[in-house]
Structure formats: structure tokens, C-alpha cells
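Take a look at the structure below.
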Amino acid sequence: MGAGLSDAWDIRLDSYLRVFALVFLYYDHLITMDREIKFVWARPKKPSTYWFLANRYFLPSVNIVVTLFEFTPFKSLKSCESYRVSRQVLIVANHILVSVLMTMRVYALYGRSSWILGSMAIVGAAAGGVTCWVLSAGQNTTTSQQIFGCNTGLSYNTSRRLVIIWKASFAYDSIIFALTLMRTWRAGRNIEVRAQLPITTLLLRDGAIYFAVMALSNLANILTFYFCGPFLRGRLSEFSSSISVTMMSRIMLNLHETTGAGIFSTQDYVSRLEFLNDPESVESELPRVQDNVREAALPAE
């Protein structure tokens, strides 16, 4: 009886967590819609634009379908289990999309270095291989059918296998965060850049803080596999996905606001644009530029 009550509370908490993830995702969409219209829809479309739209609307569209199924009566435990696996695949697909965008951002930050891109592609392929292996293996679950929807709990052995996916995602996010932080820190040590932009602005602009939030949300989901009951293991995956999509959208909106190149803009290029958009910086730099022009105009001796 005690275990039954515990499972019932876990199922209810799982429902609350899903609602919170949905509210968080759609609320951020609403409060940033004016920026999206101004800096994305009202400007000429470029490759970064389509990547932004894919990230921005894939998960919300999927969530609508998933939410409808939550209020649909399942005819059998088998159909309930198929729904659960499909939901897992969609969540993983969303994380793959975000990971690709994170990789492209780091690639641009490092001056579009082919070495960085190749290294991250190898790491990403390894993580993808592990994910496919885990999902292809059988899963032992406990299913609780209600009048509408269904809830499945993960067995101990299955949870230890599925957590590998999230560990791989966390490791990849951590590498992205470390690379971004290193690049931003180097830019912050540059005297000219530091005079134009504070280090906190650089961290926000280049995405280091946002990437850290993504990694921490993945870590929180990993902990549920070890410290929660069957019906709460991995149940922060929806919230983690919402966090990742929201943070990635924020990064891309910031970049589209600064430069039309969006996620493909290099760090130096964005810094120059922000410098030129600052009237005080331009005014302070103008005398030096004028002197250089005069010197260039003088005839050679």
C-alpha cells in the first residue's frame, strides 16, 4: 500500500513537471516574440534563420501532439509502451538538433576552424552511436494505465542503461561549454575588447552562460535516475529539452540582433559590430582614425 501511494504521488509529480516544462517553453516564446519578428522574420532569410526556426518550433510542435496523447485512452499496455518509446525518440531528436546548433556556434567562435568541427563531429558521432545502442536494447518497465494517458516506470536495470544517453549528452554539453568559455575568456583578456564589452556581456553573447544552464539541466535529469522512484526516473527530460531549446533560441536571437550572420558570426566580427554601434566608443576612436588618414595622405619622403 505504501509503495502504491508513493507511485501515485510520483505520477502526479511527473504530471506537474511536464506542465511546468510546457509553461516555461511557451512563456519564453511569448515574451521573446517581438524580438523574433523584428530580428528574424522582418530581415532577409539566411541559413541561420532556418536553423533558428527549426530549433524554435520543433519542440513546441511535438509537445502539442504529445499533450494530446496524454488525454487519449490507450487500448492496451503495448500501445502505451509504444507511445513512451516514441516520446523518448522525439526528445533525443530534439537534443541532437540543439547539439548540432551548439557545435555550429563553437565552430564559428573558433574562426570556422575545420579542426574544431572535425573533433566535435567525432565526439558527436560517438555519443550518437551510444544513444542508438541504448535505445535499440530492450527496456523493462512498469506501466500504470489511467482513464486517459499512461505512465511508465523504469526498472533499476533499464534506468541504469538509459542514463547513459543523458551522460553522453552532459559530456557533450560540458565540452561545448568549456570550449566557449575558453574562447570568451581569451577575448575578455584582450585589452581593446575588454574596454568595449564587460566579460559578463561576452559570456552572454557567446553563449557560455546559456550552455552552462543546458549542462546543469541535463545533470539534474541524470540525478533522477539514481535518486528517484521508477515513475520519476528521467522525468526531467522534458524540462531539460525545454531549457535547451529556450537557451539556444536566446543565443540565436542575441546574434541575429547584432548581425545578420546569426549563429555563423565569428567572435571578432560581432565585437567589431558592437563597437561600431556604441557611439561613445566610436567617438573615442575617431581622433586616432583621423590621424591615420592624415598620415596616409602625406606624400612619402
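- Each ring-ring contact (aromatic ring centres under 6.0 Å, His included) pair with one or both residues in residues 234-255, not counting sequence neighbours, appears once here: F20-F239.
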Hey, mind stepping through I243 and F24 against side chain to side chain contact (heavy atoms under 4.5 Å, CB included) and telling me if it holds?
CA-CA 8 Å; I243 286 284; F24 178 85; 3.7 Å; yes
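- Atom CG of residue L219 and atom CZ of residue F170 lie 4.5 Å apart, to the nearest 0.5 angstrom.
- Using modelled atom types, no side-chain atom of H29 and backbone atom of T246 make a donor-acceptor pair closer than 3.5 Å.
- Geometric assessment of R183 against the ring of Y110 yields a positive cation-pi assignment under the 6.0 Å and 45° thresholds.
- No chain of hydrophobic side-chain contacts below 4.5 Å, direct or via other Ile, Leu, Val, Met, Phe, Trp or Tyr residues, connects F52 to F39.
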Would you sort out whether M248 and M214 count as a side chain to side chain contact (heavy atoms under 4.5 Å, CB included), showing the intermediate values?
CA-CA 9 Å; M248 199 68 235; M214 294 183 200; 4.1 Å; yes
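- More than 12 heavy atoms of other residues, nucleotides or ligands lie within 6.0 Å of CZ in R160, so this atom counts as buried by the packing criterion.
- Residue L109 is grouped with residue M182 when hydrophobic side chains (ILVMFWY) are merged at heavy-atom distances under 4.5 angstrom, including chains of intermediate members.
- For the atom pair CD1 of I165 and CD1 of I91, the computed distance is 10.0 Å after rounding to the nearest 0.5 Å.
- In this structure the side chain of F211 never reaches within 4.5 angstrom of the side chain of M247, judged on heavy atoms.
- Between D173 and H95, every side-chain heavy-atom pair lies at or beyond the 4.5 Å cut-off.
- Scored by the side-chain hydrogen bond (donor to acceptor under 3.5 Å, both in side chains) test, S119 finds no partners at all (sequence neighbours excluded).
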Walk me through it: do S82 and R87 pass the test side-chain hydrogen bond (donor to acceptor under 3.5 Å, both in side chains)?
CA-CA 9 Å; S82 298; R87 193 174 66 182; over 6 Å; no
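- A donor-acceptor pair is defined here as one N or O able to donate and one able to accept, closer than 3.5 Å; no such pair exists between the side chain of S240 and the backbone of L236.
- Under the 4.5 Å side-chain contact rule for hydrophobic residues, I263 and Y57 share a cluster.
- One finds the CE atom of M104 at 10.0 Å from the CG atom of L117 (value rounded to the nearest 0.5 Å).
- In this structure, V245 and S241 have side chains that are not in contact, with every pair of non-hydrogen atoms separated by 4.5 Å or more.
- Between the CD1 atom in I164 and the OG atom in S169 there is a gap of 13.5 Å [rounded to 0.5 Å].
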For V40 and M252: C-alpha separation, side-chain torsions, deciding distance, then whether side chain to side chain contact (heavy atoms under 4.5 Å, CB included) applies.
CA-CA 10 Å; V40 177; M252 298 183 77; over 6 Å; no
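- With S48 contributing its side chain and F264 its backbone, the two residues share no donor-acceptor pair below 3.5 Å.
- Annotation: side chain of W51 is in contact with side chain of L97 (closest heavy-atom distance under 4.5 Å).
- A heavy-atom distance below 4.5 Å is found between the side chains of R35 and N254.
- Of the inter-residue distances, the one linking L216 atom CG with N221 atom CG reads 13.0 Å to the nearest 0.5 angstrom.
- Residue V100 is grouped with residue F177 when hydrophobic side chains (ILVMFWY) are merged at heavy-atom distances under 4.5 angstrom, including chains of intermediate members.
- Within 6.0 Å of OH in Y26 there are more than 12 heavy atoms belonging to other residues, nucleotides or ligands.
- Residues V19 and L25 fall into different hydrophobic clusters, defined by Ile, Leu, Val, Met, Phe, Trp and Tyr side chains chained together at heavy-atom separations under 4.5 Å.
- The closest side-chain heavy-atom distance from R105 to L255 is below 4.5 Å.
- In plain terms, the two heavy atoms of L53 and W41 that are nearest each other are CD2-CZ2, 3.5 Å.
- We find the CZ-OG1 distance between F225 and T158 to be 10.5 Å, quoted to the nearest 0.5 Å.
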Apply the test side chain to side chain contact (heavy atoms under 4.5 Å, CB included) to residues V163 and Y226: give CA-CA distance (whole Å), side-chain angles for both, the deciding distance (0.1 Å), then the verdict.
CA-CA 9 Å; V163 74; Y226 293 99; 3.7 Å; yes
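- Taking 4.0 Å as the cut-off between side-chain N and carboxylate O, K38 and E257 do not count as a salt-bridged pair.
- Looking at N55 and S249, their side chains do bring a donor and an acceptor atom within 3.5 Å of each other.
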Anything under 3.5 Å between a donor and an acceptor, one on a side chain of residues 227-235, the other on a protein residue two or more places apart or in another chain? List them.
from : atom 1 : to   : atom 2 : distance (Å)
R233 : NE     : C228 : O      : 3.2
R233 : NH1    : L154 : O      : 2.6
R235 : NE     : D14  : OD2    : 3.3
R235 : NE     : F231 : O      : 3.2
R235 : NH2    : T152 : O      : 2.3

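- Taking the side chain as every heavy atom from C-beta outward, S159 and L162 never approach each other to under 4.5 Å.
- Residues E36 and H256 have side chains not in contact (no heavy-atom distance under 4.5 Å, counting atoms from C-beta outward).
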Run the side-chain hydrogen bond (donor to acceptor under 3.5 Å, both in side chains) test on Y172 and T103 for me, step by step, so that the C-alpha distance in whole Å, both residues' side-chain angles and the decisive distance to 0.1 Å come before the verdict.
CA-CA 10 Å; Y172 196 85; T103 303; 2.4 Å; yes
